[in-house]
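Here is the structure we will look at.
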Amino acid sequence: MVMTGYSHLLPAYRQYAEMGIEERIAWIRADRWLETADARAALARLEDLLTYPPRDRMPCLLLYGDTGMGKTKIIRKFLRDHQPVFDRGTGVTSMPVVAMQMPAEPVERDVYGELLNALSAPGPSGDATYRLKTTCRTLMRRIGVRMLIIDEIHAMLTGTYRQQRVFLNVIRFLANDLKVPLICAGTDLARQALLTDPQLAERFEAFYLKRWSNTPQLAQLLASLGSILPLREPSQLGTAALRRKVLDMTDGVTVRIFRLIETVAVEAVRNGKEAITLESFDGDNLILPLVAMARRTEGRLQRRATQ
């Protein structure tokens with residue numbers, strides 16, 4: 001099949017517009033990294049901390065923002081950029097960055113268990129906390145860990161006050177003992193929790209992932225999406241009216257914006273319109289994300305009330 005132009009798409013993406021309907025829908029729905037200004041700045045700060053030489057009080061970073069602002073995406077991108085390396089000569093794997101998930105409860109034993117899972121070395125279920133702790137410390141030194149990341153740290157608030165204090169002591173101990181930067185990611189509740197420990201709060205920098213607003217940055221994001229989505233006609237993603245519509249339906253939350261654009265793009269492929277327009281968000285048969293549906297319902301009720 002010979003391409004017929006698609007000058008509204010970046011050259012590297014024009015080939016995808018030639019694919020069939022189901023292939024293009026699968027492409028639109030695929031998970032991919034699209035860098036934003038905030039994400040780029042966060043990654044740069046992580047890179048800087050990774051090169052920090054060991055010292056008694058290592059700098060730490062709290063990456064925080066509302067749910068859906070892309071914290072986990074940024075962490076996964078950073079992990080892809082710093083994957084474990086196996087040395088055939090020594091038979092040892094070096095792992096510069098380790099990222100663990102916050103356990104369901106901030107129990108010391110579970111923290112070390114999750115950390116061992118992140119190190120691909122789960123400990124025996126019957127091991128005592130002290131043994132798990134010793135195993136973590138020994139293994140992290142052996143494989144050359146230079147940064148520890150804890151995602152969803154706000155989950156610590158599900159525990160009792162005593163469990164929260166114990167957890168904060170655990171992460172302070174790890175940062176001090178291993179002399180590596182500690183990166184925590186979570187919501188604003190995590191920031192508030194860390195502030196209750198003056199020693200930890202003193203060494204944590206805060207990087208806030210703010211919601212989108214009607215700025216040139218949002219215009220650039222939507223324009224970027226319009227230049228890669230495999231639609232055969234130019235979309236109206238660059239218009240001010242469409243930007244306002246997207247913000248109204250998503251409250252400026254990153255994951256909602258991407259999910260909303262994905263939904264209307266898939267519908268544009270299916271219905272043959274091949275472009276995203278302002279009307280793309282108003283079709284009664286359009287299956288939208290729950291938040292977007294709520295926004296649209298509220299808008300209709302308000303319009304009826306004023307009629």
Side-chain angles (χ1 to χ4, degrees), residues 31-33 35 39-64 70-104 106-125 127-153 155-156 167-186 190 200 203-205 207:
D31 194 17
R32 61 178 49 83
W33 171 258
E35 191 167 275
R40 183 164 55 250
L43 287 170
R45 186 59 188 134
L46 291 174
E47 290 286 354
D48 187 51
L49 287 172
L50 188 62
T51 64
Y52 220 89
R55 53 187 284 185
D56 289 336
R57 289 175 63 85
M58 293 298 293
C60 301
L61 179 70
L62 173 65
L63 183 65
Y64 77 104
K71 299 178 290 294
T72 300
K73 281 268 191 184
I74 291 170
I75 290 170
R76 288 177 179 167
K77 173 67 167 82
F78 191 70
L79 287 171
R80 289 196 300 272
D81 292 342
H82 299 281
Q83 296 184 33
V85 177
F86 178 72
D87 188 324
R88 293 178 179 272
T90 62
V92 176
T93 297
S94 63
M95 186 181 292
V97 182
V98 173
M100 61 172 280
Q101 187 82 10
M102 182 70 193
V107 179
E108 184 176 8
R109 190 175 180 284
D110 291 351
V111 172
Y112 289 119
E114 285 292 334
L115 181 50
L116 283 172
N117 279 326
L119 294 166
S120 300
S125 58
D127 273 10
T129 300
Y130 177 77
R131 186 175 172 188
L132 292 173
K133 175 181 177 180
T134 302
T135 303
C136 284
R137 295 167 66 195
T138 302
L139 186 57
M140 290 177 76
R141 288 195 178 96
R142 183 181 302 162
I143 64 178
V145 173
R146 291 165 26 222
M147 177 180 285
L148 174 61
I149 302 175
I150 305 177
D151 198 9
E152 304 290 342
I153 194 175
M156 65 175 280
F167 170 74
L168 291 174
N169 285 334
V170 167
I171 63 174
R172 187 193 306 114
F173 168 80
L174 287 172
N176 289 340
D177 183 66
L178 298 167
K179 291 183 172 56
V180 299
L182 178 64
I183 313 300
C184 293
L200 274 176
R203 67 174 67 181
F204 265 92
E205 300 174 2
F207 191 105

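Residues Tyr112 and Thr135 fail the side-chain proximity criterion, which asks for heavy atoms closer than 4.5 Å. When side chains are defined from C-beta on, Met100 counts as touching Val111, because their heavy atoms get closer than 4.5 Å. Put simply, the side chain of Leu200 does not reach to within 4.5 Å of the side chain of Cys60, judged on heavy atoms. Two residues are said to be in side-chain contact when any heavy atoms from C-beta on lie closer than 4.5 Å; Leu63 and Arg45 fail this criterion. Between Leu178 and Val145, every side-chain heavy-atom pair lies at or beyond the 4.5 Å cut-off. Contact of the Ile171 side chain with the Leu148 side chain is not registered, since no non-hydrogen atoms from C-beta on lie closer than 4.5 Å.
Taking CD of Glu114 as the start and SG of Cys136 as the end, the distance is 10.5 Å to the nearest 0.5 Å.
Under a cut-off of 6.0 angstrom, the local environment of CZ in Arg76 is sparse, with at most 12 non-hydrogen atoms contributed by other residues, nucleotides or ligands. Heavy-atom contacts from other residues, nucleotides or ligands closer than 6.0 Å to CZ of Phe173 number more than 12.
Contact detail for Met147 and Leu50: the closest heavy-atom pair is CE-N, 3.6 Å.
Among residues two or more places apart in sequence or in another chain, the salt bridge (charged side-chain N to carboxylate O under 4.0 Å, His left out) test is passed with Glu47 by none.
Residue pairs that meet the salt bridge (Lys or Arg N to Asp or Glu O under 4.0 Å) test with at least one member in residues 139-151, sequence neighbours left out, are Arg141-Asp177.
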